[in-house]
Amino acid sequence: MPKPAVSVFQYPRTATEMPCGPYAKAGVIVETNAGWRISRPVIAAARCVRCQQCWLICPDGAIDRTGESYAVDYNFCKGCGLCARECPAKAITMAKEDGQGE
Ligand code: SF4
Ligand code: SF4
């Protein structure tokens, strides 16, 4: 997988330039998961109420939002479980890794 381009932070000059959304888009982090993740979040689309909490809270920008659907980019997810903890609809569960990687 090619490394994504590194984003250069531009300090906002006006309120309209303030970022809206997560601090990084999914896939923007340069380092891919090294294989130490022990569990992974699984999103049950049928339970998802599209509140965006997981997308906003993921510290690694590993939740990808495309239209109304949310998906985890497992190349960058570290398995911290924050998204599952904060999901108000309990649509995210943490599953044990099978050791095979992504
Ligand atoms: S936090 Fe849960 S309900 Fe909200 S968008 Fe993410 S998966 Fe869907
Ligand atoms: S488990 Fe952590 S790193 Fe992975 S998608 Fe959820 S919040 Fe992001």
Side-chain angles (χ1 to χ4, degrees):
M1 173 181 178
K3 284 186 175 181
V6 175
S7 295
V8 178
F9 177 74
Q10 301 286 340
Y11 199 85
R13 292 163 298 175
T14 64
T16 55
E17 290 181 358
M18 291 292 284
C20 177
Y23 84 98
K25 290 181 182 174
V28 79
I29 296 169
V30 175
E31 295 295 326
T32 56
N33 184 283
W36 43 258
R37 184 180 59 220
I38 59 172
S39 60
R40 59 170 56 198
V42 179
I43 299 175
R47 291 187 66 100
C48 175
V49 296
R50 289 125 179 83
C51 70
Q52 305 185 12
Q53 286 281 18
C54 56
W55 179 66
L56 289 167
I57 205 168
C58 175
D60 286 352
I63 302 278
D64 194 15
R65 184 184 69 164
T66 304
E68 288 294 299
S69 73
Y70 294 80
V72 180
D73 184 338
Y74 291 116
N75 282 315
F76 297 96
C77 167
K78 62 188 173 196
C80 67
L82 269 176
C83 54
R85 182 184 170 99
E86 296 300 322
C87 174
K90 305 292 180 215
I92 305 176
T93 53
M94 299 301 289
K96 283 196 184 239
E97 285 286 3
D98 59 7
Q100 301 302 309
E102 183 60 23

Rounded distance (nearest 0.5 Å) linking atom [atom1] of [X] with atom [atom2] of [Y]:
X	Y	atom1	atom2	value
Cys58	Glu86	SG	CD	12.0 Å
Cys54	Leu82	SG	CG	11.5 Å
Arg65	Gln52	CZ	CD	4.5 Å

The side chain to side chain contact (heavy atoms under 4.5 Å, CB included) partner of Pro41 among Thr93, Val72, Ile63 is Val72
Nearest heavy-atom pair of [X] and [Y]: which atoms, and what distance?
X	Y	answer
Arg37	Cys77	NH1-O, 2.8 Å
Phe76	Asp60	O-OD2, 3.6 Å
Met94	Gly79	CE-O, 3.7 Å
Ser39	Glu97	N-CG, 3.8 Å
Ile57	Cys83	CG2-CA, 4.3 Å

Is it true that atom CZ of Arg85 has more than 12 heavy atoms of other residues, nucleotides or ligands lying nearer than 6.0 Å? no
